[in-house]
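This report refers to the structure that appears directly beneath it.
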Amino acid sequence: MRSQTLLAGRAPSGPISLMKRVYKYVLPEVRAELGRWRARANTIADPELRKQALDSMNAKQFHCEGGGVYAAANLERRQVLIPLIVALQTISDYLDNLCDRSTSLDPNDFRLLHQSMIDAVSPELSISNYYALREEQDDGGYLAALVEQCRASIAELPTYHLVQEHVVELVKLYGDLQVYKHITLEDREPALLSWWNQHSQRYPQLMWNEFAAATGSTLGMFMLFLAASDPLLDADQAASIRNHYFPSICGLHILLDYLIDQAEDRIGGDLNFCSYFDSQQMLDERMKMMVNAARKSADALPFGHFHRMIVEGLVALYLSDPKVKDQQDVRRTAKLLMKGSPWTRVFFWLNSHWIRKVM
């Protein structure tokens, strides 16, 4: 994969320059986009749909802010990338709320809801009634408008045709996970294991829970959007990005999220993929493996320093979360994962002493 890309000369060179771009450009514009969608969500007629739309943005704003970091690598196209990333992530978070706090336990309902994400990245498909299998119906066109925003932004990406098959694949895997993790408790694990059996030969290095975690990340989709903003992108580069982001970087992303949520998930009785490791030692070993695999993948990509900052920033962001300090086992894992990486420690310091105070 050639390293001479248009984006290579535009990506930030280090943590400080990255954070300057994020705070000067990305966060204000992400928050403006979210403000626009909040205003639209406030007009939803159905009270349950309105509540879940607003709650998803209020509780998960940081998802859009984190995804927006990819626009920092091509500031000239951020007016395309930020609305696209925010719209797709907002669909994801909204549907997660609808399924997680659902009045339904129907997998067909969940599948139809997530068809909206496939349609959002597939401009050739027709928009349908995504609420057809549930009681709540009238969202005033909110979900369809999010889908249309994604399509409008995608139309501005010069090489989207080279990444579309990979984006759609990742979106479909994401939708599969959301269906299987939200069905009845007794059906959940058998469905997840059956699903894993369909993919296990392609990912022999993974355990089933690690694969499932990887499918829950939107980072690979966002990186492919960024890549498609480069008119010099070629098909080999697109495939390489997909293969380097999934499963290693995507898997690390979501396993870190589950790692720090272990205590609250035990209390709430919620699914947590870290709980499927046989011991704390196995969890530590597998998390270390995922960090190393993600670092290796990042370094193998063009302008690898940017992707490496994404990886180290993820580790630092999650492990500097206040939830960590009250979980002794997680603190030990955190020390292990940060060992030997100066960039992680830089991001950890920024998160602990600056970013979280500003946020």
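Just so it is clear, the structure is predicted and the values come from calculations on it, not from any experiment.
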Practice prompt. Please confirm whether the backbone N or O of Asp265 pairs with a side-chain atom of Asp261, one donor and one acceptor, at under 3.5 Å?
Written response: no

Worksheet item: Residues two or more places apart in sequence or in another chain: which of them pass side-chain contact (heavy atoms from CB on, under 4.5 Å) with Glu186?
Response: Thr184

Worksheet item: Side chains of Gln89 and Glu65: do they bring a donor and an acceptor to under 3.5 Å?
Response: no

Discussion item. Can you list everything that forms a side-chain contact (heavy atoms from CB on, under 4.5 Å) with Pro158? Sequence neighbours excluded, please.
Written reply: Arg77, Pro231

Worksheet item: Counting only N and O atoms by type, is there a donor-acceptor contact under 3.5 Å from the side chain of Arg78 to the main-chain atoms of Ala71?
Response: no

Discussion item. Any side-chain to backbone donor/acceptor pair from Thr218 onto Met221? Under 3.5 Å, distance only.
Written reply: no

Worksheet item: If you measure only the distance, is there a donor-acceptor pair under 3.5 Å linking the side chains of His253 and Ser217?
Response: yes

Item to complete: Find out whether Leu317 and Glu312 are in side-chain contact, i.e. whether some heavy atom of one side chain is under 4.5 Å from a heavy atom of the other.
Response: no

Item to complete: Say whether, by atom type as modelled, one donor and one acceptor occur between the side chain of His307 and the main chain of Pro302 under 3.5 angstrom.
Response: yes

Worksheet item: Heavy atoms, side chains only, cut-off 4.5 Å: are Arg111 and Pro107 in contact?
Response: no

Discussion item. So, taking the atom named CG in Asp284 and the one named CE in Met289, what distance separates them when rounded to the nearest 0.5 Å?
Written reply: 13.0 Å

Worksheet entry | Polar side-chain atom of Ser128 near backbone of Tyr130 as donor-acceptor pair, under 3.5 Å | no

Practice prompt. Output the distance between atom OH (Tyr276) and atom CG (Asn209), rounded to the nearest 0.5 Å.
Written response: 8.5 Å

Practice prompt. Indicate whether the side chain of Gln280 and that of Thr333 have a donor and an acceptor atom separated by less than 3.5 Å.
Written response: yes

Worksheet entry | Parallel, tilted or perpendicular: ring planes of Tyr180 versus Trp195, cut at 30 and 60 degrees | tilted

Fill in: Side chains of Asp46 and Lys51 in contact at under 4.5 Å (non-hydrogen atoms)
no

Worksheet item: Taking atom types as modelled, is there a side-chain donor on Arg38 or Asn58 under 3.5 Å from an acceptor on the other?
Response: yes

Worksheet item: Taking the six-membered ring for Trp, is the centroid-to-centroid distance between Tyr203 and Phe246 below 6.0 Å?
Response: yes

